[in-house]
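Below, read A as the first sequence line, B as the second, and so on, with proteins coming before strands; counting in each chain starts at 1.
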There are 2 protein chains.
Amino acid sequence: MRNHAAGSPHKAVTIYDISRLAGVSPATVSRVLSGSARVSEAKRKAVLQAVQDSGFLPNALAQSLASSRTHTIGFLVPDIKNPYFSSIYYHVEILASQNGYAVLLANSRGAFENESRILQALTGRRVDAIVFMGGRIDAFPCSAAGIAELEKFNRMVPLLLTSRVEGTSIPQLCSREDGAVLALMRHLSEQGCRTFAILGGAEDVSVLHRRRALMLACGCRFGMVTQPKWALTDTGFSIESGRQAAAQLLQCGELPDAVCCINDMVAAGALQQLRSDGLQIPQDLLLTGFDGEVFSEVVDPGITTAAFDYPDFAQRIFDLLMRGIHQEPCAPVTELYPHLTIRGSTRREAP
Amino acid sequence: MRNHAAGSPHKAVTIYDISRLAGVSPATVSRVLSGSARVSEAKRKAVLQAVQDSGFLPNALAQSLASSRTHTIGFLVPDIKNPYFSSIYYHVEILASQNGYAVLLANSRGAFENESRILQALTGRRVDAIVFMGGRIDAFPCSAAGIAELEKFNRMVPLLLTSRVEGTSIPQLCSREDGAVLALMRHLSEQGCRTFAILGGAEDVSVLHRRRALMLACGCRFGMVTQPKWALTDTGFSIESGRQAAAQLLQCGELPDAVCCINDMVAAGALQQLRSDGLQIPQDLLLTGFDGEVFSEVVDPGITTAAFDYPDFAQRIFDLLMRGIHQEPCAPVTELYPHLTIRGSTRREAP
DNA sequence: TTGTACGCGTTATCAA
DNA sequence: TTGATAACGCGTACAA
């Protein structure tokens, strides 16, 4: 059974067909449709009429080949299931769509080879710009070869990295977390917290190093300390890794006053595990996450977190993309500031 | 400051450059790269060497224009932030990528005009096929004009609808939920449930009608009944709508034994609201969701749900897409069966 | 204002 | 096995 009607010889309509129908030249059709030059009202109406009647849809491939602009953006993330990435993508795509851009979205699963393959696929398709998230640009230490490859591609198409990468002039959009972490640790301190654990992350991912260093430094500033046995920081960034890290924490015997998780997914997993072992959050233990993902507000109690403003995040990305595409000047590094969002997981009813 | 190096005249390499470097004709270069015809080993090596040296990347636009195949798929969802859609997309995109396809992903936000605009953008870019999810094909009653427009596009590019739509021959992949709902209601009955409420959904969305009818019918079969005041079925499909519906339910005075939610997001929101009002799940009230989204397993207690096998879901989509692209025969309607997944929200420790 | 002709970078059809 | 040469569908100088 043939469902798709392409079997029938439905040759696509071209501007030549339109030019014949409207009794004008192909160039005039092009002019009317693109508005690139003035056309007499009569011919103009004839063309538009012919377009209507024939259901003409310009072939974007031919347009792009001639104009060398695809009005298409490439977007590379490790995993679109991760709400952090899907939130950003959602808002960027809407902005793009409203401005005549379509977006190619690929999942790298964080693997170097996949990233390379995807970059090639996107570049081959001549996307106007590429947003690169996760994977190699979050690696610790960062791979020189990986960055070199990015620079190679950046010579062919404007790239935008959403992490801080030293030693490259590729534009970067990164988060500046010192203010939020300071506020977070101050808040914990005000809730009577003296000791804290750090959960989740991976030693080969820079965000762990960055956030851990900030937590330790800011915690110290408020007289809060941690212990080596409470540093369960190489379990990953997933919900499941949060469960595992929490399970390990429970086997320490001694518990800290607070558990600071590397992100909200880990926090959600940890919360689940801690509760299933009979602990009350926040009565027995304070809990914090990071990023302001949807998980932080759907679990009970809600998780205190350092949240990004995703619509703003996306707007920044889109602006930088447009600058890249139009070869306008832009700062090499743009910073984003997450803000502390206090929820039930750190709010003790009776202080 | 100019970051992107496109300012310098880095003209892209073409097969003409390669042909000159390798001392062969452009046609031979094309043959080597596509493997479309036999080429002598000597010239073959010369071409590949030139490709290596120059860092040549074929212009996919030109390839597509000449071959009329883009190796690109269009994907239209209401909201990629919704884990139901991001799960499906994730797996489909990986399959596509592994098979040389890239995917354009657009968010329609469920709006008819956006869907039309996106279909046009995708078709104009000559994608090889389009996956259409949500929005008009989930509408109740279904809009004849909407379907007519889909058929118009289906004449230009193979479409795949992920809902059941009567009166069209466009291929459809839909879920067959009678088995799962029957198992669900039986399970509730075995847990001692005699009365139940239905939460979430929208009267103008078909999934509500379908699932509600099944729940009522299957519930009846096990002697379970509901009441009009417990039908809070026009609040939406979001987490927030789950909170609202639950809040309304609590004002009924009398509570049912179980709360059946239209999906897992509603269930997660309802759970949050019910707990914050002091109700114990599952002790005071059983709770169920639908779809097997990540929310159902991250909250506490886990939510009993009818879960899809997302990797399989995606595989089906991809297979149907390939059939459409290659104009191979395919069943007009393919069915998918979610399976009952029992979690803490309906499991009473002491029966 | 309008039309002609060429270029964009491939694939594909012919001869040779 | 190869190499001209013609599509593919559009933008755009250039000329009229």
A.B. asks: Is a donor on one side and an acceptor on the other found under 3.5 Å between the side chain of Ser86(B) and the backbone of Lys81(B)?
C.D. replies: no
A.B. asks: Regarding Ser30(A), tell me which of base, sugar-phosphate or nothing describes its non-hydrogen contacts under 4.0 Å with the strands shown.
C.D. replies: base
A.B. asks: Nearest to the side chain of Ala66(A), heavy atoms from C-beta on, is which of dG9(C), dC10(D), dT1(D)?
C.D. replies: dC10(D)
A.B. asks: As a test of understanding, state which of Leu105(B), Thr162(B), Val77(B) forms a side chain to side chain contact (heavy atoms under 4.5 Å, CB included) with Val131(B).
C.D. replies: Thr162(B)
A.B. asks: Using side chain to side chain contact (heavy atoms under 4.5 Å, CB included), reason through Leu119(B) and Leu76(B) one step at a time and then give a plain yes or no.
C.D. replies: CA-CA 8 Å; Leu119(B) 282 172; Leu76(B) 195 163; 4.3 Å; yes
A.B. asks: Between atom CZ in Arg31(A) and atom P in dC10(D), what is the gap in whole Å?
C.D. replies: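 Going from Arg31(A) (CZ) to dC10(D) (P), I get 15 Å.
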A.B. asks: Tell me: CG of Leu65(A) to P of dG7(C), nearest whole Å?
C.D. replies: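 Value for this atom pair: 14 Å.
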A.B. asks: If the condition is side chain to side chain donor-acceptor pair (under 3.5 Å), which residues does Ser34(B) pass it with, not counting sequence neighbours?
C.D. replies: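 For Ser34(B), the residues satisfying side chain to side chain donor-acceptor pair (under 3.5 Å) (neighbours in sequence not counted) are Ser36(B).
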A.B. asks: Over its full length, what angle do the end axes of the helix from dT1(C)-dA16(D) to dA16(C)-dT1(D) make, each axis taken from five pairs and the result rounded to 10 degrees?
C.D. replies: 40°
A.B. asks: Looking at Arg126(A) and dG9(C), is any side-chain donor or acceptor paired with a base atom of the opposite kind under 3.5 Å?
C.D. replies: no
A.B. asks: Does Ser36(B) place a side-chain N or O at less than 4.0 Å from the phosphate oxygens OP1/OP2 of dA12(C)?
C.D. replies: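 No.
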A.B. asks: Nearest whole Å is fine: how far is dT2(D) C1' from Arg44(B) CZ?
C.D. replies: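 About 16 Å, once rounded to whole Å.
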A.B. asks: Between Ser64(A) and dC10(D), is there a contact of a side-chain N or O with OP1 or OP2 at under 4.0 Å?
C.D. replies: no
A.B. asks: Rounded to whole angstroms, how far apart are CG on Asn59(A) and P on dC10(D)?
C.D. replies: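 Value for this atom pair: 6 Å.
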A.B. asks: Under 4.0 Å between a side-chain N/O of Thr14(B) and OP1 or OP2 of dG9(C), yes or no?
C.D. replies: no
A.B. asks: Would you tabulate the side-chain donor-acceptor contacts of residues 314-321 of chain A under 3.5 Å, counting partners in other chains and residues two or more places apart, or write 'none'?
C.D. replies:
residue, atom, partner, partner atom, Å
Gln315(A), NE2, Asp319(A), OD1, 3.1

A.B. asks: If you check the Ala27(A) side chain, which of dT4(C), dT11(C), dT1(C) turns out closest?
C.D. replies: dT4(C)
A.B. asks: Do the side-chain N or O atoms of Thr28(A) get closer than 4.0 angstrom to the phosphate oxygens (OP1, OP2) of dG3(C)?
C.D. replies: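 Looking at the OP1 and OP2 atoms of dG3(C), one of them is under 4.0 Å from a side-chain N or O of Thr28(A).
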A.B. asks: Any Lys/Arg nitrogen of Glu335(A) or Arg164(A) sitting under 4.0 Å from an Asp/Glu carboxylate oxygen of the other?
C.D. replies: no
A.B. asks: Taking the six-membered ring for Trp and the full ring for Phe, Tyr or His, determine whether the centres of Tyr310(A) and His91(A) are under 6.0 Å apart.
C.D. replies: no
A.B. asks: Tell me: CD1 of Ile15(A) to C1' of dG11(D), nearest whole Å?
C.D. replies: 8 Å
A.B. asks: In whole angstroms, how far is the P atom of dG11(D) from the CG atom of Leu33(A)?
C.D. replies: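 That distance rounds to 8 Å.
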A.B. asks: For Phe56(A) and dC10(D), give me the distance from atom CZ to atom C1', rounded to whole Å.
C.D. replies: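 Computing the Phe56(A):CZ to dC10(D):C1' distance gives 8 Å.
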A.B. asks: Parallel, tilted or perpendicular: which fits the ring planes of Phe75(A) and Tyr89(A), with parallel below 30° and perpendicular above 60°?
C.D. replies: perpendicular
A.B. asks: Between the side-chain atoms of Tyr16(B) and the base atoms of dC8(C), is any donor-acceptor pair under 3.5 Å?
C.D. replies: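 Result: no qualifying N/O pair found.
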A.B. asks: Would you mind telling me which residue lines up with the more 5' stretch of DNA chain D, Ala37(B) or Ser67(B), judged by nearest nucleotide?
C.D. replies: Ala37(B)
A.B. asks: Could you check whether Pro26(B) gets within reach of a base, just the sugar-phosphate, or nothing at all, counting any heavy atom under 4.0 Å?
C.D. replies: nothing
A.B. asks: In whole Å, I'd like the distance from the CZ atom of Arg69(B) to the P atom of dG9(D).
C.D. replies: 16 Å
